[in-house]
Amino acid sequence: MTSAIEAKGLVKRVTSGEGAEALTILSGLELQIQAGESVAIVGSSGSGKTTLLSLLAGLDTPSAGSIRLDGQTLEDKSEDARAALRAGRVGFVFQSFQLLNGFTALENVMLPAELAGRRNARELAVAALESVGLGARLSHYPQQLSGGEQQRVALARAFAAEPKILFADEPTGNLDTATGARIIDLLFALNRERGATLVLVTHDAQLAARCGRTLRLSGGRLDG
Amino acid sequence: MAESTALKAPPLALAESAPTLAGRPWRHALRSLARGWRSGRLLILGFAIALAVASVGSVGLFTERVRLALERQSGEALGADALLGSRDPLPAALRAQLEALGLRTAAVTVFPSVAVAGDYTSLVSVKAVEAGYPLRGELRIAREPFGTPQAAPGVPLRGEAWVDLRVLQELGIDPGASLQLGRLQLKASALIAFEPDRGGGFSDLAPRLMINADDLPESGLLTLGSRASYNLLLAGSAEQIAAAQQIQLAPTQKFETPRDARRELSSALDRAGLFLDIAGLAAALLAAAAVALTARGHGASLRDEVALLKTLGARRRFLLQSLSLQLLLLGLVAGLVGALVALLGQAVIGALLSEAMKVELPAPPLAPLLSAYVLGLVMLLGFALPPVLAAVRTPPLRVLARELSAGPSRWVPVLALLAVVGLLLWQTGAPDLAGIVLVGAALACGALALLAWLMVRALAPLRRRGGSAWRFGLANVARRQAATVGQVVALGLALLALLLISVVRQDLLESWRDKLPADIPNQFLINIQSEQVEPLKTFFRERGFGELVLWPMARGRLVALNGQPVSEESFDDPETRRWINREFNLSWTDHFGADNELLSGEWWDASAQGQPWLSADDYAVKRLKLKLGDTLGLDIAGQIYTLTVKNTRKVSWDSFKPNFFLVTPPGTLEAAPRQWLTSFRLEPQQRAVLSELVRTFPNVTALDLEAAIQQVRGIVDRVVRAVEFVFLFALLAGLLVLLAAIDGTRGERARETALLRALGARSSTLLAGLLAEYALLGLLAGLVAAAAAQGVAWGLAAGVFDIPYGPRPLLWLLGALAGTALVTALGWLSMRRVLQTPPRAVLG
């Protein structure tokens, strides 16, 4: 089995301002995730879960160490090249949904496929929205949808471009328990169907237990 | 809300698709344009651009039309669009050639001669005119002395003469009597009341005697070598005139096009142009500020979108293309709307003015419209593009860490500064003036910021007083000190513009109107001899006209400039040649007229008595390219006087008071022969005084300027309305700036408000708090603006318009009230929706 994600000696240091002492968030972290695997990254607040996710997805660059995403190294790539690598390969689900308010549900879901240059972005998006049960809400704007519905639109967007890797950052953080549970069921069902690699960041042990593997982040390193 | 989704995983994989790169930025641009439109921000941006194009375009179009019309109107001073003059009779072939171009022609021959009636003779300037004369303007005649003038029905019939009153006076005959001119026996059938192409000063011509050109051969007056001017008046389109100018002429022939012949009109219109330019500039600068402010908010709101799109795989180039395209589309459409409004706007201004100017305004040329359109796009590039470019630099990580945004871009201030400088250069056309405005604006912003900061500081002790809403609002103002100062400056600038526009405009325009008071002198008396000065004063005193002020006047010819002999041939400019060719009127005084403005040098006092000094009007300075210290050799009745230019002045010819191009100190021209002139106010019911005057002083000539005054007054009235119309654009632009400044902080306020509501604050409390904050901001901005408006108005009045202006306490009250009311109302409009949105939608 090939590695979908691989991190070696990953270090992330941040400084809060000029002259301030650097804060080390990740210190020599090692990680390997196989294609098709579902991995939960857990840890207490401020342990660096989200930082790790941002580095693995190429949204940020490490202070030291290397990352391979879908077989390609990230640290030697420009922001543009990393974006191109994500396009069509990587999907995201965020805690705060991150839908564009002025775009309809359909337009929001079409975005990744369009950016990946798919000619049939619309068909893909319609199918994805139908798959999350929002076939009747294509032309609704985010403000016209409930929180759960917005997250389902976000799920549809994450899967519409048929990504190989899906990153989810506290996907139920903004939802009530019942709605959150339904969203998670949907997330795992879709992921099973597509066979995508899932990296899920959460502080919820129950949610983490549904993944194939759980990694705990503490002191800037992973145990698990 | 409960979810009720069937948990199935439907087939998603459709046919594999090929990438399509072309057209994607377009599609995204269009889609996000529609999105931005719905959010209202792009609507304001588009509106600001449209407004800038509309205001600059309509002022530009109108000014260009007026310039064309003025050229045409000054054509009246020639009685034609152009004139072909010669010392010899013009060949028929040349006339045929000109007519073949489509030009209308009328021959006019002018020469001196003597008219005789009985024992009396009069030296006259004969003008033989063909049917069709004048080709431009209107000849007006009266059937009896001081009778009501009316438009002449063509030209004098054969055997008839139309004459100046002076001819009848000198010949001692009544209208309708006959006189002899050469071999012709003519009936003096009418008096000339107004001859459009008389030109020159009041007194440099012998009285006119106008005859029909067909009578000329019979008169036997013109023989070979006679001293006559043979002129062919030409009228036609600008293209036809330009074609005529290409014709090769003999050395004795010259082609003249009229320029700036009516000083009192162009003086009034110069000032009108200044008002219009300032109004246009104010509107353009305000619209630019609105564009900049709105674009800043637009850029800020793009950050989340850019971060998300980058996360989803969008490259910077794609974002740059689609967001620039979006702006360009917006600019093109908004510019088009603005251009259409400009066309309508200038039509309104044109309609207001063409009647007053008694001239048909030529069709609007499209060049100013095009440049206004380009200006709109430049504004877009300079003010709106930089914040968008800055937004494109937002890191994708912002999707996870909201506080992240790109650092400040070096391009934003550089592009904005370039755009402002370009805009000013464009509008003023003068680098030094643009520099002054720029430095002035920077100083004004600095002063506003300092004032605002001091006021915010002064508020601190009030934070513990008043109700909770007031404390909440006050705390907001004090807490965000830097942001508050910035906002007060932006709001203050907009209010400053609004105050200047609404109040100061009124003051300035009224002061201008007052320059033509109802009791302005409308009659000029010329040819007064020295021994008549006292009797004339007595004559008017006895009839209740008060004390007359008389001006001495000598006539001289320029013969040398800086020691070098000069003649007509020494100058290339036709207008200078024409001016040089005749005698100047000079006067002397040590009193500096209120309608004069000193341009350089120093005015003299009584101690300058007898000094060989000269004060030159701007017109003479320009014609002869004079500077201080230059010497002019003037031949006055055979004696050469060498005079040194001691100062230069600009005369407001629209004051209708006696003024002279060249003035010396008293005593300098003591030996020169002189006449006197004076002016006074004559009411319509007093016209009998004129007949009495002419009987008592037969050599004195009265000139009636009432019609000319009415024309200038009409223009001033119409210009005031036109300027008010243009100021309407500036007013709208100012309101837009206010809205943009308030709307700029909507996002931040929305989050804060949502947070407070989530914490349990009541909507009504929050609304009251926000209103208190806006009221306070408005009050501060209004006071700051009133202080600045007072200063700017005083500066404009004293420095630019040369009209008196004093402190206006009402301005301060109005500034404070208007600031509070406008900012509170606009703040409420902007925040109304936010307060109705559930906190989760904002905080989520």
Side-chain angles (χ1 to χ4, degrees), chain A residues 50 53-54 57-60 79-80 83-90 92 94 96-98 100-103 107 111-121 123-124 127-128 130-133 143 146-150 152 157 159-160 162 169 174 178-179 182-183 185-186 189-190 192-194, chain B residues 1-24 27-28 31-39 41-42 301 304-305 307-319 393 395-402 404 837-838 840-844:
Chain A
T50 301
L53 183 128
S54 68
L59 299 180
D60 197 5
E79 192 184 293
D80 258 1
L85 178 61
R86 280 194 297 272
R89 283 197 184 92
V90 176
F92 285 93
F94 301 101
S96 55
F97 320 144
Q98 296 283 4
L100 293 181
N101 274 332
F103 282 39
E107 287 167 348
L111 272 175
E114 279 191 329
L115 289 169
R118 301 283 176 81
R119 222 186 270 279
N120 55 347
E123 289 87 342
L124 287 174
E130 281 171 352
S131 77
V132 296
Q143 308 93 296
S146 70
E149 284 171 326
Q150 288 190 42
R152 277 196 275 154
R157 182 179 65 190
F159 286 105
E162 298 161 329
D169 179 31
N174 271 359
T179 310
R182 286 192 179 88
I183 287 294
D185 288 345
L186 188 56
L190 287 169
R192 259 196 317 278
E193 184 71 25
R194 310 286 177 276
Chain B
M1 190 180 288
E3 298 298 309
S4 56
T5 315
L7 296 182
K8 61 185 174 72
L12 267 186
L14 298 174
E16 187 45 52
S17 43
T20 61
L21 291 172
R24 282 194 296 132
R27 201 182 317 164
H28 188 75
R31 201 173 285 160
S32 45
L33 190 65
R35 168 183 173 252
W37 196 258
R38 281 193 292 272
S39 82
R41 191 156 272 145
L42 286 184
S301 71
D304 287 339
E305 179 179 335
L308 179 71
L309 288 171
K310 279 185 174 177
T311 303
L312 297 180
R315 296 189 207 193
R316 191 186 280 222
R317 193 172 150 198
F318 167 87
L319 292 166
R393 293 169 56 236
L397 192 55
R398 187 180 160 92
V399 292
L400 298 172
R402 250 205 125 257
L404 280 181
T837 317
R840 188 186 51 73
V842 183
L843 294 173

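Both backbone and side-chain heavy atoms feed into the values below; hydrogens, waters and symmetry mates do not. In what follows, chains are A, B, ... by sequence order, proteins preceding strands, each numbered from 1.
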**Item:** Contacting moiety of A/Arg89, where chain B heavy atoms sit under 4.5 Å
**Value:**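 Neither; nothing under 4.5 Å.
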**Prompt:** Is it the side chain or the backbone of A/Asp169 that comes within 4.5 Å of chain B heavy atoms, both, or neither?
**Reply:**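 For A/Asp169, the contact with chain B is made by the side chain alone.
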**Message:** The criterion is salt bridge (Lys or Arg N to Asp or Glu O under 4.0 Å); which residues satisfy it with B/Arg315, sequence neighbours excluded?
**Reply:** none
From [X] atom [atom1] to [Y] atom [atom2], the distance as rounded to the nearest 0.5 Å:
| X | Y | atom1 | atom2 | answer |
| --- | --- | --- | --- | --- |
| A/Phe92 | B/Leu400 | CZ | CG | 7.5 Å |
| B/Leu397 | A/Ser54 | CG | OG | 4.5 Å |
| B/Leu309 | A/Leu100 | CG | CG | 6.0 Å |
| A/Leu59 | B/Lys310 | CG | NZ | 11.0 Å |

**Prompt:** So A/Leu111 and B/Glu305, side chain to side chain contact (heavy atoms under 4.5 Å, CB included) or not? Walk me through it.
**Reply:** CA-CA 11 Å; A/Leu111 272 175; B/Glu305 179 179 335; over 6 Å; no
**Prompt:** With sequence neighbours excluded, what pairs up with A/Ala83 under the side chain to side chain contact (heavy atoms under 4.5 Å, CB included) test?
**Reply:** A/Arg86
**Item:** Step-by-step side chain to side chain contact (heavy atoms under 4.5 Å, CB included) determination, A/Phe94 to B/Thr311
**Value:** CA-CA 11 Å; A/Phe94 301 101; B/Thr311 303; 3.8 Å; yes
**Prompt:** Any side-chain heavy atom of B/Leu312 within less than 4.5 Å of one from A/Gln98?
**Reply:**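 Not touching, per the 4.5 Å side-chain cut-off.
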